[in-house]
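Source: prediction; values computed, not measured. Order of listing sets the numbers, starting from 1, for every ligand and every atom in it.
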Amino acid sequence: MGKKYVYLFSEGNGSMRELLGGKGANLAEMTNLGMPVPQGFTVSTEACTKYYEDGRKINDEIQAEIYEYLGKMEEICGKKFADPNNPLLVSVRSGARASMPGMMDTILNLGLNDEVVEGFAKFTNNPRFAYDSYRRFIQMFSDVVMELPKPEFEKIIDAKKAEKGVKEDVELDADDMKDLVVRFKAFYKEKKGEDFPSDPKIQLMEAVKAVFRSWDNPRANVYRRMNEIPYDWGTAVNVQQMVFGNSGDRSGTGVAFTRNPATGEKALFGEYLINAQGEDVVAGVRTPSPISHLKEDMPEVYDQFAAIADRLEKHYKDMQDMEFTIENGKLFMLQTRNGKRTAAAALKIAVDLVDEGMIDEKTAVLRVEPKQLDSLLHPQFDAAKMKAAKVIGKGLAASPGAACGKVVFTAEDAKEWAEKGEKVVLVRRETSPEDIEGMAVAQGILTVRGGMTSHAAVVARGMGTCCVSGCGEIDIDEEKKVFTLGGQTFNEGDYISIDGSTGNIYGEAIPTAAATISGDFGRFMGWADKERKLQVFTNADTPRDAKQGREFGAEGIGLCRTEHMFFEETRIKAMREMIVADNVEDRKKALAKILPYQQGDFEGLYEAMEGKPVTIRFLDPPLHEFLPTKEEDIAEIAGELGVTVEKLKSVIEGLHEFNPMMGHRGCRLAVSYPEIAEMQTTAVITAAINVTKRSSFKVTPLIMIPLVGEVKELKFVKDVVVATADKLIEEAGIDMKYEVGTMIEIPRAALTADEIAKEAEFFSFGTNDLTQMTFGFSRDDAGKFLDYYYANKIYESDPFAHLDQKGVGKLVEMAAELGRKTRPDIHLGICGEHGGDPTSVEFCHRVGLNYVSCSPFRVPIARLAAAQAAIKYPKA
Ligand code: PEP
Ligand code: MG
C-alpha cells in the first residue's frame with residue numbers, strides 16, 4: 001500500500017499537528033473526546049507538499065484516496081454527496097501546523113448543483129435558504145477557486161435589488177435567489193468560457209487544490225515571513241460536513257475564548273450571530289452579540305457550550321479559541337485551538353494557570369511569545385495629555401496600546417507613507433487579509449465594522465499593534481479618503497490618536513510616554529531567569545540607554561558604539577579637525593579636545609551599570625561620515641576649521657570610497673592612526689579609575705576592537721591599548737583589570753578564530769557586518785532587492801533580522817569552537833541586531849555562546865527567548 005495521505009477525524013489525534021495541521025489535529029482530538037463535531041476527513045500536509053512537488057497537481061492516487069474517504073464520510077454522516085434526496089454538503093478549509101488566521105481560503109456549502117439544490121430545498125423545507133446557500137456557494141467558489149472577483153457578483157446582486165426596488169438582501173425571496181443563481185452562472189460562463197462545474201466531485205477536488213494553492217498566496221507569504229513559519233510546512237485541508245447556522249432563529253454561529261484574549265480575565269468571552277453562517281462573525285460584516293446573551297437566547301445550548309469550553313481548556317491546559325455553530329438548537333464544535341492573545345493576557349493567563357495548579361512554571365515560561373513582550377514595553381499615551389484631549393468617538397478595545405499618527409485609508413498608502421518615515425493610523429471600513437502589510441507598518445488600526453474577533457482585531461493582537469474596531473459612528477468614504485466622527489472631518493494626513501486599551505478615539509495628536517509594567521511581568525520574568533543559561537546584555541551608547549537596559553534586566557553592556565558620541569554638536573568639530581589634520585601632532589591636538597567628552601561619557605556608563613561589565617567598542621565608521629556633503633555646509637565648516645574650501649574638498653575627495661562599508665573603517669582606522677586608539681584607551685581607563693575611586697564597586701572595562709580580519713592587526717591595536725592602559729593604571733596606583741577582545745564580523749576572522757583568540761580575551765559576534773560580508777550584500781541596500789528574493793522563494797526571511805543559521809551561523813559555530821580550542825575560558829557573545837531576535841537567541845544558546853546583547857527594549861525579549869531555548873534544548 002502506498003503512503004496514507006487522508007485521515008478520518010476519528011483516525012487522528014491532537015499530537016498529529018505536523019501531519020494534520022492544527023485544525024485537523026484538534027478536530028480529531030475533539031472527536032476522540034466525544035464532543036459534537038461534524039464529521040469529515042483531513043487531507044494531510046504531506047499531500048500539500050506532494051502537490052507542489054508534482055508541479056501543482058493532485059496525483060491520481062491521492063485523488064482516489066480523497067474519494068475513498070468521501071465514501072467513508074458519507075457512511076458516517078448517513079448522507080450522500082451529490083444525492084438530491086439526502087444531500088451531504090461540506091466545507092473545505094485550510095489548516096496549517098501553526099494557525100494563520102484568515103490567511104488562506106475556505107469554501108462553504110460545497111456539493112450543490114441544480115439538482116441537489118432542489119432536494120436540499122425540499123429536505124430543509126426552505127427553498128429560499130437552499131437557493132441562498134447555492135448562490136453563496138457559486139460566489140465563493142468562483143472567487144476562491146476560479147479567481148473571479150467577488151465584487152462583480154455583488155454588482156449583480158445590487159442590480160437585482162434595484163430592479164425589485166429593495167435595499168436589503170433579506171428582502172430577496174426564493175425566486176430572486178434562483179434568478180441570481182442563473183445570472184451568476186451566466187456571468188461565470190461569460191468570463192470563463194465554460195459552464196460552472198456541476199459535478200460536486202469536481203467541485204471538491206478543485207476546492208482542495210485551491211486551498212493548497214492558497215498556501216502560496218501573497219498574504220500567506222507575508223504572514224509566514226513575519227511569523228517565521230517555514231514555506232515547506234504546507235497546509236492540510238479539512239473536509240467537514242456542513243452544519244447550518246443560517247437555517248433560522250434557533251440557529252447561529254460564533255467564536256469564543258475560554259478567557260479574555262485582551263486582558264486574560266478568566267471568563268468565557270466571545271460573540272455570536274443568530275441566523276448567520278461561518279465566516280460572517282470573523283469577517284466583521286455584522287456586529288455580533290456577546291456570548292453571555294446566548295444564556296438568555298438558548299440556555300441549554302449555552303450550558304452545553306460552557307461545559308465543553310471548560311473541558312477543552314482543562315484538556316489542553318491552555319486558553320482555547322473555539323468556533324461553534326448551532327443548527328436548529330443543536331450545538332456543533334467546528335474548531336478549537338490555543339487562542340491568540342495580547343502580551344498582557346498571555347502573561348496573566350500563564351501566571352493564573354500556574355496558580356490554578358494547571359501547569360508548572362517551566363510550561364508557563366513557554367506560553368508567552370518573546371516578541372510579544374514588545375507591546376508591553378512600548379510607550380502608552382502621556383496620561384495628562386490624554387486626559388486633556390477630547391474623546392470624539394469610541395469603538396471596541398480590540399488590541400491594547402496607544403497609537404498616534406496620520407490617517408491613511410488603504411494598506412498600500414500605509415506602506416508607502418511608512419516607508420517615507422511617517423507614522424500612520426490605518427482607518428478602514430473593515431480590514432481583510434490583503435491588508436496585512438499595511439497593518440504591520442501602521443501605528444494603529446481603526447475600523448468602522450467588526451467585533452473583537454474580526455480580522456482586524458485578531459491580526460492586530462497577533463502583531464501587538466494597537467487596534468480599535470467596530471466604531472460604527474464613523475461615516476467613511478474610502479474612495480474619497482475622508483471620514484467624519486464626532487462632528488470632525490478627517491482627510492488623509494490628518495492626525496488621530498486611538499487607545500486600544502479603552503477603545504477611545506481622539507481627533508488630535510497625543511504624545512506617548514514609556515510603558516509601566518505590571519506585577520505579573522516581574523514574577524513571570526523571574527521564572528524565565530531561573531531557566532536561562534545565556535547572559536543578556538544591552539547595547540547602549542548613553543547612560544540613559546544603559547539605565548533603561550538595566551531596568552529591563554540587562555546584566556551588562558555588550559556594545560557601546562563610541563562613534564555615536566562623536567556626532568554631537570560640541571564634539572564633531574574636534575573630530576573634523578582631527579580628520580583634516582595633516583600630521584600626528586595636529587591629530588593628537590584635536591583628539592585631546594575630544595578626550596574629556598569621551599571620558600565623561602564612559603564615567604556615566606560605568607555609573608549607570610554599577611560594576612556590571614561594560615564593553616566599549618573603538619571607533620568603527622568610515623571617516624567621511626563625519627564630513628559635510630552639501631556645498632554650503634562645506635564652505636561654512638571650512639571656515640570653522642580655519643582651512644580653505646579647496647583643502648576641505650580635497651580631504652573629502654580623498655576619503656571617497658567606492659565601498660565604504662568595506663573601506664577605511666573599524667580597526668583599520670586605528671592601524672592608520674594609532675593616536676585614535678590611544679585617546680580612546682585613555683578615556684576608557686581614566687574613566688574607570690575615576691569611577692572606581694569614588695564608588696563602592698569596581699569597574700572592569702572591556703575594550704573591543706572592531707572589524708578584525710587578521711590576528712596581527714588585532715595585535716597591533718592591542719599593543720597600543722595595553723601600553724596606554726598599563727601606564728595609566730600604574731600611575732594611578734590602583735589595582736584594576738581590563739580585557740581586550742574583538743568583534744568577529746569578517747568571515748576571515750571566523751575562519752582564523754583560533755589565531756585571533758591568542759590575542760582576544762573575548763569575542764563578540766557582530767552579526768550585522770558578518771551577515772553583510774558573508775552574503776556579500778550591503779545591509780543598507782538589501783531592502784531594495786530582497787522582496788524579489790522572497791517572491792521567488794530564494795530567501796524566506798531577512799537575514800539581517802533573523803540570523804542565517806545555515807551560512808552565517810556556521811561561521812559563528814566554527815569560530816566559537818576554534819576560539820575555545822585556543823582559549824578555553826574565552827567569553828563569547830553576540831551584539832548584532834540578532835541578539836534581540838528570539839530564533840537567533842535560540843541559536844546562540846544551542847551553539848553555546850555565553851551572552852547576547854541587544855537594544856534596551858529587546859532585553860526582556862532576549863531573556864525570555866534564552867529561557868525558552870534552555871527549556872527546549874537543556875543539553876546545549
Ligand atoms: C555588527 O556589525 O553586528 C555590529 C554590532 O556593529 P555595527 O552594527 O555597529 O557595525
Ligand atoms: Mg559592525
Show me which atoms of ligand 1 lie under 4.0 Å from any heavy atom of [X].
X: Asn768; answer: 1 (C), 2 (O), 3 (O), 4 (C), 5 (C), 8 (O)
X: Cys831; answer: 5 (C)
X: Leu559; answer: 5 (C)
X: Gly766; answer: 1 (C), 2 (O), 3 (O)
X: Thr767; answer: 3 (O)
X: Gly832; answer: 3 (O), 5 (C)

Please test Glu577 against Lys573 for salt bridge (charged side-chain N to carboxylate O under 4.0 Å, His left out), starting from the C-alpha separation and ending with a verdict. CA-CA 6 Å; Glu577 280 173 22; Lys573 182 161 174 263; 3.5 Å; yes

Say you draw a straight line from OG of Ser840 to CG of Asp804; how long is it, rounded to the nearest 0.5 Å?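 Result: 10.0 Å between the selected atoms.
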
Should Phe765 be counted as touching ligand 1, given the test is an N or O pair under 3.5 Å? no

Taking the ring centre of each residue, are Phe775 and Tyr795 less than 6.0 Å apart? yes

When the aromatic ring centroids of His802 and Phe800 are compared, is their separation below 6.0 Å?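 No, too far apart.
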
Are Ile616 and Tyr606 side-chain neighbours, meaning at least one heavy-atom pair lies under 4.5 Å? yes

In the structure I gave you, are the side-chain heavy atoms of Val711 and Thr752 within less than 4.5 Å of one another anywhere? no

Tell me whether Glu657 contacts the main-chain N or O of His664 through its side chain, where contact means a donor paired with an acceptor under 3.5 Å. yes

Ionic contact status for Asp545 with Arg561, cut-off 4.0 Å: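 Asp545 and Arg561: not salt-bridged.
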
Does Lys649 come within less than 4.0 Å of Glu631, counting only side-chain N to carboxylate O? yes

Checking contacts here: is it the side chain or the backbone of Leu770 that comes within 4.0 Å of ligand 1, counting heavy atoms only? Could be both or neither. neither

Under the salt bridge (charged side-chain N to carboxylate O under 4.0 Å, His left out) rule, what do Lys712 and Glu759 come out as? Steps first, then yes or no, please. CA-CA 9 Å; Lys712 286 186 203 144; Glu759 296 298 334; over 6 Å; no

Run the contact test for Met743 against ligand 1 with a 4.0 Å cut-off on heavy atoms, strictly below, and give the result.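 In this structure, Met743 qualifies as a contact of ligand 1 - some heavy atom is under 4.0 Å.
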
Does the residue Arg779 have a heavy-atom contact with ligand 1, meaning some pair of atoms that are separated by less than 4.0 Å? yes

Identity and separation of the nearest protein heavy atom to atom 9 (O) of ligand 1: Arg561 NE, 2.7 Å

At what distance is the nearest protein heavy atom to atom 6 (O) of ligand 1, and which residue and atom is it? Arg617 NH1, 3.0 Å

Near the Mg ion (ligand 2), meaning under 2.8 Å, how many protein N/O/S atoms are there? 2

Provide the full list of side-chain hydrogen bond (donor to acceptor under 3.5 Å, both in side chains) pairs with a residue in residues 808-834, sequence neighbours left out, each pair given once.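 Those involving residues 808-834 are Gln535-His827, Thr767-His834, Glu833-Arg858.
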
Could you check Asp798 against Tyr789 for side-chain hydrogen bond (donor to acceptor under 3.5 Å, both in side chains), going step by step and ending with a plain yes or no? CA-CA 10 Å; Asp798 179 352; Tyr789 279 73; over 6 Å; no

